[in-house]
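As structure tokens, the structure follows; a few thoughts come after it.
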Amino acid sequence: MGYAEVSVNSPVAQRRTFSYAIPSGLTIDVGQAVWVPFGDKLLQGIVLELSDYPSVEETREIASVIDPHPVLSPARARLAHWLSEYYLSPLFEAVALMLPPGFERKTVTFISTPSTTQEPDMSSLTQGQRDVLELVHRQGKISLRELERRLGSGQARLITSQLVSQGLVVKSYELEKVKVRPKTVSYIRLAVAAAEARQEAASLREKRASRQAALLDFLAQQTEPVPLSEVRQRIGSSASVVKALVSRGLVELQQIEVKRDPLAYQSMTPSYPLTLTTAQRSALDSIKASLLKVPLGNASPSVFLLHGVTGSGKTEIYLQALAEVVKQGKRGIVLVPEIALTPQTIERFASRFPRKVAVLHSKLSLGEQYDEWHRIRDEEFDVVIGSRSAIFAPQPKLGLIVIDEEHEWTYKQHDKSPRYHARDVAIKLAELTGAVVILGSATPDVETFHHAQRGDYHLLQLPERVTPSEGSALPKVEVVDLRDELKAGNRSLFSRSLSQAIAKAVGSGEQVILFLNRRGTATFIQCRRCGFVLRCRRCAVALTYHFAEDMLLCHQCNYRVPVPQTCPRCCSQRIKFLGIGTQKLEQEASQALPQARLLRWDSDVTRGKYSHQEILSKFRAHQADILIGTQMIAKGLDLPLVTLVGVVSADTGLNLPDFRAGERTFQLLCQVAGRAGRGSLGGKVIIQTYSPEHYAIQAAAQYDYATFYHKEIDYRRQLHNPPFSRLACLTYSHTNDAVCQREAERMKRLITQEIDSRGIADLSLIGPAPAFLHRLRGRFRWQIILRGSEPSALLAELPIPQGWAVDIDPVGL
Ligand code: ADP
Ligand code: ZN
Ligand code: ZN
């Protein structure tokens with residue numbers, strides 16, 4: 001007899017599988033979905049392994065197979081194991097990432113009479129028992145849920161278990177109704193021969209039933225069934241007309257399954273591979289060489305870091321590498337940040353692989369997701385393109401995974417378990433499938449670049465823009481020192497330089513982007529005269545200002561100080577300067593330039609399905625002169641009329657309480673700058689700041705990744721931050737702040753004891769402190785950070801109580 005290790009859909013299952021015996025006559029494969037008995041219930045499970053021996057002495061049998069077609073490939077079954085172990089998440093939550101949408105269903109309990117039953121002795125039963133028994137007899141079968149509705153939950157359960165133990169009724173289990181079904185469309189066609197239909201039409205006309213006649217004549221001309229909606233549109237047949245003909249047996253309706261296709265709204269013209277530049281050619285050659293000799297099961301996958309400024313031709317390389325993979329009979333997955341999943345991006349891929357591209361993003365309806373999942377698994381697409389979770393698409397014969405803008409922190413799932421990073425998952429999946437990975441970026445993640453420097457990844461560089469037209473080299477960057485503005489008596493949000501440049505651009509019919517780097521509501525205190533920002537002495541991160549207590553606070557170690565009255569550096573009293581928002585910016589801009597047409601783009605105004613697209617096409621159609629926005633506008637836009645990008649305050653990002661603040665600022669500034677001068681008009685970038693000497697700003701102004709990287713990696717080494725250590729962040733949330741703090745302190749003591757008793761030398765604990773977003777959806781949050789070579793090894797062995805969330809390799813502390 002064989003055994004299966006099954007991941008069971010139950011919250012108590014945690015990070016382990018359960019052994020089940022495979023009953024004779026049942027064929028079980030890895031990746032198959034099965035029903036298994038678990039306690040007194042029947043639950044969904046996924047087979048992750050097969051073995052000759054069970055891992056425990058007593059096993060129960062698999063009840064039945066849900067779907068004979070495995071839902072996970074063997075490689076993905078192993079990926080699920082890895083996800084659960086690495087991110088310390090429940091196993092089934094990891095499995096669930098890869099299941100078809102709408103797959104998870106609850107079981108419904110039914111009560112019925114047993115097949116072999118003797119006449120019960122009614123006199124020994126209570127009135128309640130008798131009532132239930134009669135009900136079951138009358139209906140044949142009743143759901144426990146309905147009984148609970150009638151009798152109340154306690155009573156229903158009590159009576160049921162009494163009757164079950166006397167053998168008078170039995171329980172059985174069925175699946176709750178399917179949430180998603182294939183979508184069908186009604187088609188209409190003749191039920192008789194065309195000649196007969198024409199005769200009928202003629203006689204109907206005499207009886208003045210001209211609408212019925214028209215429909216018959218129309219259908220007599222068709223060789224195939226026609227969608228009912230089309231018939232309604234083209235000849236205006238009403239439902240009653242159709243019904244009349246159906247009832248006379250002259251026409252019939254048919255339900256035909258259709259695939260919901262999210263690409264349907266676009267019409268595509270095919271595109272062809274471009275002739276590559278020398279730099280592109282040599283990068284593609286390296287990738288091709290690696291694609292040709294992929295040894296399956298190799299422990300070290302081929303990972304390429306493609307480092308090139310925006311417009312250097314990275315996407316063209318992805319496209320040609322994908323074509324190579326397809327030529328070899330394999331397939332690819334392409335990840336882009338959600339925000340960059342615009343029709344523009346999709347079109348570039350879809351036009352190169354017509355009808356062979358599947359698109360996955362979070363705004364698809366459940367039905368659309370369901371269809372795409374099945375079509376992908378059935379090998380319909382060469383390329384799957386999508387945001388973070390598309391890495392879990394069931395793409396068969398995986399040959400290549402591309403991650404564009406690999407440094408984007410949206411690739412990390414931070415709000416629910418498993419808190420995975422799509423890039424790390426991709427590299428693991430590539431290891432398991434033998435696929436090649438391309439990580440592309442203009443400003444690679446410092447950790448990724450460090451890997452490339454060490455030789456873990458192959459570094460490919462595209463140092464220049466492919467310049468299709470004269471003058472579209474990288475735009476010039478001017479850094480404006482805001483301290484000089486104050487000295488000159490200018491208190492507006494716009495420096496003299498920026499306001500002149502805006503007026504000039506708008507005056508000559510060009511477009512402007514104003515960028516505000518802003519996140520959350522918490523903010524820092526800065527001296528408006530000298531730019532000084534208070535930082536934590538221990539953690540080196542900026543202190544965050546808390547309105548309620550009028551205190552400054554370190555969000556890593558909980559260090560607190562009152563706000564100084566004067567600047568500790570220059571003694572100015574203008575120390576309490578807080579950030580600005582997009583609305584304020586919009587106001588000031590419209591006052592300064594009353595004739596300019598403004599358009600604001602931030603998360604407040606882009607909640608709908610197509611609103612990004614709408615705002616974008618409005619701006620592209622030159623229905624506005626100035627676009628104002630936050631992070632969102634930094635990415636992936638190609639707007640040829642934009643000749644000026646103004647960064648209103650570069651400091652906001654620099655002073656986030658996070659050791660990655662410098663890196664993020666550098667990345668954002670480079671990206672934003674890349675938005676200017678995409679067309680033939682050239683472009684200019686103005687960065688306003690109180691810290692013009694900061695290395696991240698200096699390097700961004702020169703597009704100098706190398707200088708930035710060297711400075712940054714030095715700081716990381718000095719402060720023992722990743723990649724020189726690994727982090728784990730534990731967050732506790734509760735509606736009561738004091739409870740939260742107490743629990744965080746209790747946890748700290750527990751972990752410290754554990755570290756001491758095991759004698760782990762290189763593991764330090766930072767905090768507890770209120771999280772940067774101290775209050776979220778009505779709950780307070782406190783966090784503890786573990787830093788060391790392997791913080792998860794310790795955590796894996798600790799029981800983590802309810803209410804705690806564990807984030808391995810957190811981004812954004
Ligand atoms: P990136 O992805 O690095 O931003 P793209 O691949 O989008 O760069 O290329 C930028 C622009 O240059 C695009 O308009 C693209 O069509 C064009 N391009 C890319 N490679 C070539 C090439 N070899 N010859 C001509 N134009 C190219
Ligand atoms: Zn000062
Ligand atoms: Zn601190």
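Distance CG/L322 to CD1/I333: 11.0 Å, rounded to 0.5 Å. How far CG of L72 is from CZ of R78: 13.5 Å, rounded to the nearest 0.5 Å. Rounding to the nearest 0.5 Å places CG of D371 at 10.0 Å from CD of E380. Distance check, rounded to the nearest 0.5 Å: CD1 of I403 to NE2 of H421 gives 8.0 Å. Once rounded to the nearest 0.5 Å, the distance linking CG of L91 with CG of L48 reads 5.5 Å. Note that NE2 of H374 is 8.5 Å distant from NE2 of H69, once rounded to the nearest 0.5 Å.
Side-chain contact check for F18 versus E5: every heavy-atom pair is 4.5 Å or farther apart. Under the 4.5 Å side-chain criterion, counting only non-hydrogen atoms from C-beta, E447 is in contact with R716.
F304 has its ring centre less than 6.0 Å from the ring centre of H458. Taking the six-membered ring wherever Trp is involved, the centroid distance between the rings of Y420 and F392 falls below 6.0 Å. Centroid-to-centroid, the aromatic rings of Y732 and W782 stay 6.0 Å apart or farther.
Relative ring orientation between W82 and Y87 is described as perpendicular, the plane-to-plane angle rising above 60° on a 0-90° scale split at 30° and 60°.
One finds a salt bridge joining E146 and R150 here, because a Lys/Arg side-chain nitrogen approaches an Asp/Glu carboxylate oxygen to under 4.0 Å. Checked for salt-bridge contact, K397 and E379 meet the test: a charged N lies under 4.0 Å from a carboxylate O.
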Side-chain donor-acceptor distances from residues 788-802 under 3.5 Å, at least two apart:
residue	atom	partner	partner atom	Å
S789	OG	D762	OD2	2.5
E797	OE1	R758	NH1	2.8
E797	OE1	R758	NH2	3.4

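Pairs engaging residues 142-171 under the ring pair (Phe, Tyr, Trp, His ring centres under 6.0 Å) rule: none recorded [sequence neighbours left out]. The salt bridge (charged side-chain N to carboxylate O under 4.0 Å, His left out) analysis of residues 80-94, with sequence neighbours excluded, yields no pairs.
No donor-acceptor distance shorter than 3.5 angstrom exists from the side chain of E49 to the backbone of Y3, with no hydrogens or angles considered.
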Item to check | Verdict with supporting geometry, I401 and V436, side chain to side chain contact (heavy atoms under 4.5 Å, CB included) | outcome: CA-CA 6 Å; I401 305 172; V436 167; over 6 Å; no
Checklist entry - For R157 and T160, what are the C-alpha separation, side-chain angles and deciding distance, and is it a side-chain hydrogen bond (donor to acceptor under 3.5 Å, both in side chains)? => result CA-CA 5 Å; R157 280 166 187 274; T160 306; over 6 Å; no
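In this structure, a donor-acceptor pair under 3.5 Å is present between the side chains of D809 and Y86.
Residue D807 forms a salt bridge (charged side-chain N to carboxylate O under 4.0 Å, His left out) with just one option from R781, K412, K416, and that option is K412. Between Q44 and the options V95, I66, V34, L99, a side chain to side chain contact (heavy atoms under 4.5 Å, CB included) holds for only I66.
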